[in-house]
Amino acid sequence: MSKGAFTGPLEHIGCCCHRIPTSYKAGMRVPGHIYASDAMLETIRKDQAPDQVANVATLPGIQVASIAMPDIHWGYGFCIGGVCATDPEEGGVISPGGVGYDINCGVRLLKTNLYLDDVKHHMRELVKALFYTIPTGAGRAGRYKFNPVETRRLMGEGPRFVIDRGLGVARDLDHTEANGHIDGGDPHQVSDHAVKRGAEQCGTLGSGNHFLEVQVVDSVFDADVARAFGLELNQICVMIHSGSRGLGYQVCDDSLASFRNCPVKYGFELPDRQLACAPVDSPEGRKYIAAMRAAANYGFCNRQLLMQQAREVFAGVFGRSWEDLGMEQLYDVAHNIAKLEEHTIEGKKKKVWVHRKGATRAFPAGHPEVPEAFRAVGQPVIIPGDMGRASWILVGSQGAMDKTFGTTCHGAGRAMSRTAALKDGVGRKIDKELEHRGVIAMASSRNGLAEEQPKAYKNVDDVVGVVHDADLSRRVARMRPLGVIKG
DNA sequence: ATGTAC
């Protein structure tokens with residue numbers, strides 16, 4: 001597909017929201033809604049992501065609108081930063097492209113009782129210890145080995161499986177989206193090949209935009225919610241951004257092959273074959289849903305094991321147990337997943353399949369799926385930014401339920417393609433540049449650092465500004481990076 | 001995102 005600029009209509013329809021009308025493209029069942037500032041629209045128009053928003057609006061059973069967040073950019077079939085809800089009772093479909101290749105890519109935040117002054121003279125040692133303990137990079141195997149039977153059990157149970165083996169504590173589950181266990185995951189719908197890839201990679205970081213960062217709370221925007229989350233100024237935290245590694249990739253790939261003939265078989269047309277999908281209640285759809293849920297449970301396990309290794313490293317560097325260092329999990333969110341959820345649409349309660357691809361659930365105070373500890377304030381939302389500037393902690397709000405199926409942004413969003421960023425980095429020492437900005441960075445590949453350099457991303461502060469102003473979630477705390485390990 | 005082309 002062409003990646004040229006988008007020149008179609010974007011009609012301003014309210015706070016930070018722009019509409020692609022159904023008249024833009026044949027077959028659109030609903031309009032497109034893109035949340036962005038006027039200034040950001042210029043960046044957003046640079047690739048075909050808005051056209052992908054329009055393509056998604058043609059999917060059978062789609063409800064209300066094809067929605068995109070301010071960190072939108074081009075992706076496989078669906079844009080990254082997209083939200084699509086389908087109703088199975090209206091022929092609604094499930095689509096692997098609406099979840100992404102990295103099923104349950106997501107973010108976990110681990111708190112400590114350390115402050116900036118406690119770590120600032122230990123950052124080099126800390127980052128080195130993290131880098132030499134936690135495997136990074138594509139294809140890397142980890143220290144935890146599971147045989148195929150164990151790997152399938154792990155996919156069925158989620159992090160409880162590894163916690164039962166001493167790798168974490170039960171209260172970690174209370175602080176994970178869906179308690180780290182998506183019901184209906186069936187490991188037997190996952191191919192042997194996918195299981196084989198997953199068996200040796202649980203507890204590894206991967207490559208691309210995945211990272212593990214030591215961060216400091218740089219600013220607090222909502223003191224009451226920050227207190228409820230146990231966050232305060234100058235506190236040290238660890239942010240973990242990773243997904244389901246080769247296992248999720250293989251589940252996605254396997255399903256795309258099985259979906260190839262679905263448009264003919266079930267009688268619908270797609271404007272782009274990368275939108276491959278199947279009715280929720282079809283054999284192909286049911287198999288993908290069962291496998292995708294199992295891969296999601298694996299993703300939660302991967303971040304659990306990454307967290308546990310970070311706890312061990314801190315304990316080693318600071319000579320105290322991780323419990324004594326207060327290394328408790330704030331929360332863990334998935335930002336590449338499809339889930340069956342109840343939403344109110346035109347006054348009626350409906351169970352819909354919400355696809356979030358590079359988009360984060362942001363449920364408000366009082367929602368039954370928000371853990372009890374946060375029920376009074378809303379769900380913690382974790383937004384990873386780029387490695388030079390910032391990341392954010394937000395809280396879910398009612399506006400998200402009203403406008404975006406309980407969803408907000410997932411990160412900064414790329415502003416440059418990987419190849420453009422790579423070319424831009426030739427001859428530079430990006431780790432040295434980061435050091436001048438106060439960030440110790442270690443990566444297993446020089447190219448990785450160039451592709452992920454700060455200016456390859458939009459300013460995450462701007463992205464967060466849009467979702468705050470549009471009431472899709474609210475600012476709680478801004479985090480500044482001190483040290484990072486990457487693939 | 002991904003043993004970046006079984």
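The sequence lines fix the lettering, A, B, ..., with proteins before strands; numbering per chain opens at 1.
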CZ/Arg160(A): more than 12 non-hydrogen atoms of other groups inside 6.0 Å =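 No.
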
Rounding to an integer number of Å, can you tell me how far [X] [atom1] sits from [N] [atom2]?
| X | N | atom1 | atom2 | answer |
| --- | --- | --- | --- | --- |
| Asp192(A) | dC6(B) | CG | P | 19 Å |
| Arg140(A) | dT4(B) | CZ | C1' | 18 Å |
| Tyr101(A) | dT4(B) | OH | P | 13 Å |
| Lys486(A) | dT2(B) | NZ | P | 11 Å |
| Glu452(A) | dT2(B) | CD | P | 11 Å |
| Arg418(A) | dT2(B) | CZ | P | 9 Å |
| Leu256(A) | dC6(B) | CG | C1' | 16 Å |
| Tyr249(A) | dA5(B) | OH | P | 7 Å |

Would you mind classifying the nucleic acid contact of [X] as base, sugar-phosphate or nothing, using non-hydrogen atoms under 4.0 angstrom?
| X | value |
| --- | --- |
| His193(A) | base |
| Gly243(A) | nothing |
| Gln201(A) | sugar-phosphate |
| Ser207(A) | base |

ask   = Does a side-chain N or O from Arg245(A) land closer than 4.0 Å to OP1 or OP2 of dT2(B), or not?
value =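 So the side chain of Arg245(A) is within the cut-off, an N or O lying under 4.0 Å from OP1 or OP2 of dT2(B).
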
message = Tell me every residue that passes ring pair (Phe, Tyr, Trp, His ring centres under 6.0 Å) with His181(A), counting only those two or more places apart in sequence or in another chain.
response =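 For His181(A) there are no ring pair (Phe, Tyr, Trp, His ring centres under 6.0 Å) partners, ignoring immediate neighbours.
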
task = Assert yes or no for the condition that the ring centre distance of Phe6(A) to Tyr24(A) is strictly below 6.0 Å.
result =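 Yes, they do, as the ring centres are separated by less than 6.0 Å.
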
task = Please list, chain by chain and in numerical order, all residues satisfying salt bridge (charged side-chain N to carboxylate O under 4.0 Å, His left out) with Arg303(A), sequence neighbours excluded.
result =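 Partners of Arg303(A) by the salt bridge (charged side-chain N to carboxylate O under 4.0 Å, His left out) criterion, ordered by chain and then number, come out as Asp332(A).
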
